[in-house]
Amino acid sequence: MVKFSISNDRYTYVHDQKYPSEDVDIHHIVSRSSAKYLFVYAIALLVLACALYLCVLKEKSISLVYYSLLFDIFLVKLLLGKPVKKESVVIMPAFGVQLETHYVSGKVIRYFVPIDKILKPVLIECVTPVTCYWTLSLIIRGESEMVLVVKNLRPPVKMLVHVWKALCAATGSKEETCTHAE
């Protein structure tokens, strides 16, 4: 049963209540970018069609078709990589947090963090020379690095805030809107 949902051009956030028990809290961030796949496959098909044209009508070598096919495979792998369909956060306040990454190929990677090891969930603004985006991380007791809740997708902060509030409620952390390191 869907409790709450937000959508934009690239992502859909869904707050799900799958089980009758109110204890399990499920949050999904689903990627909606199917136009990217269509564009990449159209470019690959265009390159292959040009190679076939040169081979058949201009009587060029058949090896040109083989090279263009290899180039197409390389292009598709490079541009699409491992496309992620959705990322889910399953919050079980008594046990912990399960982070799931669902790929288009059907592969699912799950990572479990026990609730007693989570010190605090934090929303962080990441700034690079090219872009700026928000990410949700967990500070883990005894670990030198934080665990990213949403690793592959970069949803807007209005979607991450709902997951952050649910994680704060499950771990017993205060919801502080702004914390500055000095």
Closest heavy-atom pair and its distance - Val157, Leu123: CG2-CD1, 4.3 Å
Could you check whether any side-chain heavy atom of Pro156 comes within less than 4.5 Å of a side-chain heavy atom of Asn8, counting everything from C-beta outward? yes
For the residue pair Thr171 and Pro121, establish whether any side-chain heavy-atom pair is separated by less than 4.5 Å. yes
Between Tyr103 and Val89, is there a shared hydrophobic cluster once you connect ILVMFWY residues whose side-chain heavy atoms come closer than 4.5 Å? yes
Taking all heavy atoms of Ala166 and all of Ile91, pick out the closest pair and write down the distance. CB-CD1, 3.7 Å
Determine whether Val84 and Tyr13 fall in the same hydrophobic cluster, where Ile, Leu, Val, Met, Phe, Trp and Tyr are linked whenever their side-chain heavy atoms lie under 4.5 Å apart. yes
Please report the interatomic distance NZ(Lys117) to CG(Leu138), rounded to the nearest 0.5 Å. 13.0 Å
Atom NZ in Lys86, atom CG in Leu153: separation rounded to 0.5 Å? 11.5 Å
Which pair of heavy atoms, one from Phe112 and one from Phe95, lies closest together, and at what distance? CZ-O, 3.6 Å
Under 4.5 Å between any side-chain heavy atoms of Ile6 and Thr12, yes or no? no
Please walk me through it: do Val147 and Leu99 pass side chain to side chain contact (heavy atoms under 4.5 Å, CB included)? CA-CA 10 Å; Val147 173; Leu99 309 173; 3.8 Å; yes
Let me confirm one number: the OG1-CE distance from Thr135 to Met146, rounded to the nearest 0.5 Å. 8.5 Å
Rounded to the nearest 0.5 Å, the OG atom of Ser31 sits from the CZ atom of Arg154 at a distance of 13.0 Å
Which heavy atom of Thr101 sits nearest a heavy atom of Glu87, and at what distance? OG1-OE1, 3.4 Å
Rounded distance [0.5 Å steps], CD in Glu145 versus CD1 in Ile140: 11.5 Å
Work out which heavy atom in His162 is nearest to a heavy atom in His27; give both atom names and the distance. O-CE1, 4.1 Å
Which atom of Ser88 lies closest to which atom of His28, heavy atoms considered: OG-ND1, 2.7 Å
Judged by atom type as modelled, is there a donor-acceptor pair below 3.5 Å linking the side chain of Trp134 to the main-chain atoms of Leu160? no
State, yes or no, whether a side-chain contact exists between Tyr111 and Gln98 at a heavy-atom distance under 4.5 Å. no
Quick check: do Lys120 and Ile118 have side-chain heavy atoms less than 4.5 Å from each other? no
For residues His102 and Ile109, determine if any side-chain heavy atom of one lies less than 4.5 Å from a side-chain heavy atom of the other. no
Out of curiosity, does Leu119 fall in the hydrophobic cluster containing Val97 (side-chain heavy atoms, cut-off under 4.5 Å, transitive links)? no
Can you hop from Val163 to Leu148 via hydrophobic side chains spaced under 4.5 Å? no
Starting at CD1 of Ile26, measure out to CE of Met92 and round the result to the nearest 0.5 Å. 9.0 Å
Honestly curious: do Val161 and Val149 fall in one hydrophobic cluster under the side-chain, below-4.5 Å linking rule? yes
